[in-house]
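The structure under discussion appears below in the form of structure tokens.
Numbers restart at 1 for each chain; the letters A, B, ... are given by sequence-line order, proteins then strands.
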Amino acid sequence: MGGTINWRHLLLWAVFLGGMALLPQLVSKGTLRTFIFANYLAIFAMSWDVLSGRTGYISFGHPFLIGIGAYTTAILSYRFDVPVGVSIPLAVITTMAAGTLFFLPALRVKGTYFALVTLAFMELMYQLVQVIRPDLTGGTRGISGVQTLTRGAVNGYYLSLVLMGTIAVSLWAMMKTRMGTALSAIGMNEEAVEGLGLNTTKLKLFAFMVGAGVAGIGGAFYVHYLGSIAPRALFDINFLFTIIVAALIGGASTIIGPMAGAFFLTFLLEYLRPILPGAERYFIYGGIALVLYMYQPKGIYEVIRQAHFKLAGSARHEHNP
Amino acid sequence: MTFLEIDQLSAFYGQAQSLHDVSFNVDQGDIVAVIGTNGAGKSTLMDSIMGMVKNTGAIRLEGQDLVGRNSADIVKMGVGYAPERAHLFPFMSVEDNLMVGGYTARDDIGRNLAHVHELFPVLKDRATQETATQSGGERQMVSLGRALMTSPRLLLVDEPTIGLSPKVCSEIAATLKRLNEEDGLTILITEQNINFAMSLAKKVFVLETGHIRVSGTPEELMADKELNKAYFGT
């Protein structure tokens with residue numbers, strides 16, 4: 001939650017990201033590619049968490065925002081030869097503008113209704129990219145041959161790591177401010193926040209813009225990693241639930257949680273692939289998510305935190321019998 | 001001197017009217033109580049003052065109309081609100097709860113926090129504890145502390161004793177009295193606990209189904225046989 005930025009936490013971030021930077025020396029190229037997907041999923045899960053995990057406005061339309069970012073840069077760079085250095089920032093700005101559009105229902109509806117409205121955004125986008133200007137969007141087949149930014153797994157990994165690390169530390173620092181604390185408060189009791197004189201509309205708009213901005217960055221770089229984009233792969237309910245489950249299974253309203261959830265899910269799905277090549281894999285992770293929520297609704301982050309407290313407690317006990 | 005003036009206030013939830021032409025005044029430096037049973041309109045009255053419910057009529061703070069303003073403006077004008085059942089942020093620490101209260105009174109945070117800790121030392125000891133794990137009494141202290149963090153000149157307290165033991169009620173009463181006498185804070189309380197309200201307030205208004213039925217000093221109301229029958233069954 002809130003609190004001040006302390007050097008011990010910054011050091012832990014440095015150790016974690018430093019350790020991640022050593023991975024290319026330790027794991028195979030195949031595993032590294034799985035890590036790239038995990039890094040991007042972590043970015044998407046963190047962006048969902050800023051928007052939904054904090055404020056409590058559960059979005060079922062996050063792929064809509066990711067898709068805006070991905071399609072904008074793909075169209076600009078592939079169709080109009082706009083340099084990637086320009087198309088990506090434009091894609092992020094466009095996604096933030098779309099985040100404002102996404103925000104409008106939040107002024108009137110909450111809970112299930114908000115979730116359904118946002119789901120409609122995703123489905124609408126899926127239909128629109130197929131029928132409106134397919135010469136630009138590539139219609140149902142999407143666009144392939146989009147410029148890639150890196151060559152090889154190692155470079156792709158480092159780019160995704162720098163992005164994820166920068167976003168994670170920036171969001172972590174932001175959540176340590178008074179504004180971050182206020183956003184979490186909205187998720188717990190919006191009326192009480194309003195009664196304390198905070199402008200909840202401005203705070204929510206800020207969260208939506210930041211969440212959309214991060215989704216835009218993730219979407220734009222992701223399409224330039226894959227080199228292609230297709231509507232069914234992006235505006236897909238499985239993709240949506242993978243993002244949400246990653247955030248929830250890891251621990252919503254934290255930064256480490258969505259990251260941990262993203263890594264857990266990506267590797268789980270990857271290691272299940274040889275055993276269960278089809279969509280049945282999703283039943284397994286659904287089952288794991290269910291058990292985890294029943295045991296610890298606050299996710300992996302809380303399980304680790306509790307274990308740490310127990311270990312620290314027993315260590316103290318041994319020193320002071 | 002009239003500090004808060006409520007004139008012909010009616011409040012609505014959609015088509016349903018919860019308050020009907022309610023009028024009363026609160027003088028500066030007084031503690032005033034509005035008593036009533038469940039559904040009388042006590043919380044609606046508080047929410048109306050805070051600009052959180054659609055209403056008509058006039059609510060004036062030192063002559064300035066509050067109707068039509070949003071909660072952010074009303075808090076800036078000096079109204080602090082401790083809602084019914086505390087309405088805390090359950091998975092946040094005591095300190096973070098207080099800090100959200102201090103969001104709008106940035107310059108006063110240090111001073112206000114020290115004052116809250118002085119009033120409720122237990123909140124300093126339990127600064128890192130999640131409020132979901134606190135007792136009802138401590139939660140009420142956080143709620144009052146959080147409202148005080150907004151630097152109020154008028155404190156609205158909605159049913160502060162709900163679900164609390166008599167001992168904790170006495171502590172809350174003592175703190176409210178201290179805030180009134182030492183800090184000169186004007187306080188408006190709504191209550192079902194008539195003894196609590198009578199022990200604190202200079203003036204009491206009885207709210208029934210959205211109408212003010214009776215008003216007077218605690219002594220006058222205690223002498224009212226009908227009121228005693230209705231509320232005490234004696």
Side-chain angles (χ1 to χ4, degrees), chain A residues 1-6 8-9 49 53-56 107-110 174-207 248 251-254 257 293 296-299 301-302 305-306 308-309 312-313, chain B residues 43 46-53 69-106 109 112 127-132 139 142-143 145-152 155-158:
Chain A
M1 223 47 73
T4 50
I5 293 173
N6 77 46
R8 198 170 66 88
H9 287 152
D49 191 65
R54 302 277 169 177
T55 66
L107 292 172
R108 296 195 64 83
V109 291
K110 280 184 185 176
M174 190 187 94
M175 291 307 166
K176 290 284 178 192
T177 64
R178 296 172 335 120
M179 191 176 267
T181 311
L183 289 180
S184 296
I186 287 179
M188 292 180 209
N189 195 329
E190 189 173 343
E191 270 187 24
V193 176
E194 208 180 321
L196 290 167
L198 279 72
N199 189 327
T200 53
T201 305
K202 276 187 191 165
L203 284 166
K204 283 187 290 182
L205 179 61
F206 174 75
L248 297 181
S253 221
T254 65
Y293 297 152
Q296 179 49 271
K298 290 184 187 173
Y301 173 80
E302 191 61 20
R305 211 169 71 99
Q306 295 291 344
H308 171 73
F309 283 145
Chain B
S43 297
M46 295 301 209
D47 286 349
S48 298
I49 297 170
M50 291 308 299
M52 295 164 77
V53 178
R69 291 180 193 260
N70 61 32
S71 306
D73 286 343
I74 292 166
V75 171
K76 266 184 208 147
M77 289 170 73
V79 185
Y81 185 26
E84 186 189 349
R85 293 185 190 277
H87 274 272
L88 299 180
F89 311 120
F91 305 115
M92 273 188 184
S93 65
V94 168
E95 184 160 318
D96 280 345
N97 267 270
L98 296 177
M99 284 303 162
V100 177
Y103 194 94
T104 54
R106 206 177 297 198
I109 281 187
N112 286 347
T128 57
Q129 186 179 348
E130 278 189 359
T131 56
R139 280 205 284 265
V142 178
S143 176
R146 195 179 60 176
L148 292 172
M149 289 294 290
T150 63
S151 297
L155 180 65
L156 308 181
V157 191
D158 193 4

**Report entry** Region of B/Pro83 in contact with chain A, defined by heavy-atom distances below 4.5 Å
**Finding:**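 The answer is neither part of B/Pro83.
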Report task. Would you mind checking which part of B/Leu88 comes under 4.5 Å of any heavy atom in chain A, side chain (CB onward), backbone (N, CA, C, O), both or neither? Result ->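 Backbone only.
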Query raised in the report: Among B/Met52, B/Met99, B/Glu95, which residue forms the greatest number of heavy-atom pairs with chain A at distances under 4.5 Å?
Result: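 Most heavy-atom pairs under 4.5 Å with chain A: B/Met52.
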Requested in this report: Mind ranking B/Met149, B/Arg146, B/Lys76, B/Met46 by heavy-atom pairs under 4.5 Å with chain A and telling me who comes out on top?
Outcome: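 Highest number of pairs under 4.5 Å: B/Arg146.
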**Report entry** A/Arg54 side chain vs A/Ser184 backbone, donor-acceptor pair below 3.5 Å
**Finding:**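 Absent.
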Query raised in the report: Considering all heavy atoms of both residues, which atom of A/Leu183 and which atom of A/Ala207 are nearest to each other, and what is their separation?
Result: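 Looks like CD2-CB, 3.8 Å.
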Query raised in the report: Between B/Asn112 and B/Ala105, what is the shortest heavy-atom contact and its length?
Result: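 Nearest pair, atom of B/Asn112 first, then B/Ala105: ND2-CB, 4.3 Å.
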Query raised in the report: Is chain B contacted by the side chain of A/Leu203, its backbone, both, or neither, given a heavy-atom distance below 4.5 Å?
Result: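 Just its side chain gets close to chain B.
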Report task. Compute whether any side-chain donor of one residue and acceptor of the other, for B/Asp158 and B/Ser43, lie under 3.5 angstrom apart. Result ->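 Yes, B/Ser43 and B/Asp158 have a side-chain donor paired with an acceptor closer than 3.5 Å.
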Query raised in the report: Take atom CD in A/Glu191; do more than 12 heavy atoms of anything else shown fall under 6.0 Å from it?
Result: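 Result for CD/A/Glu191: open.
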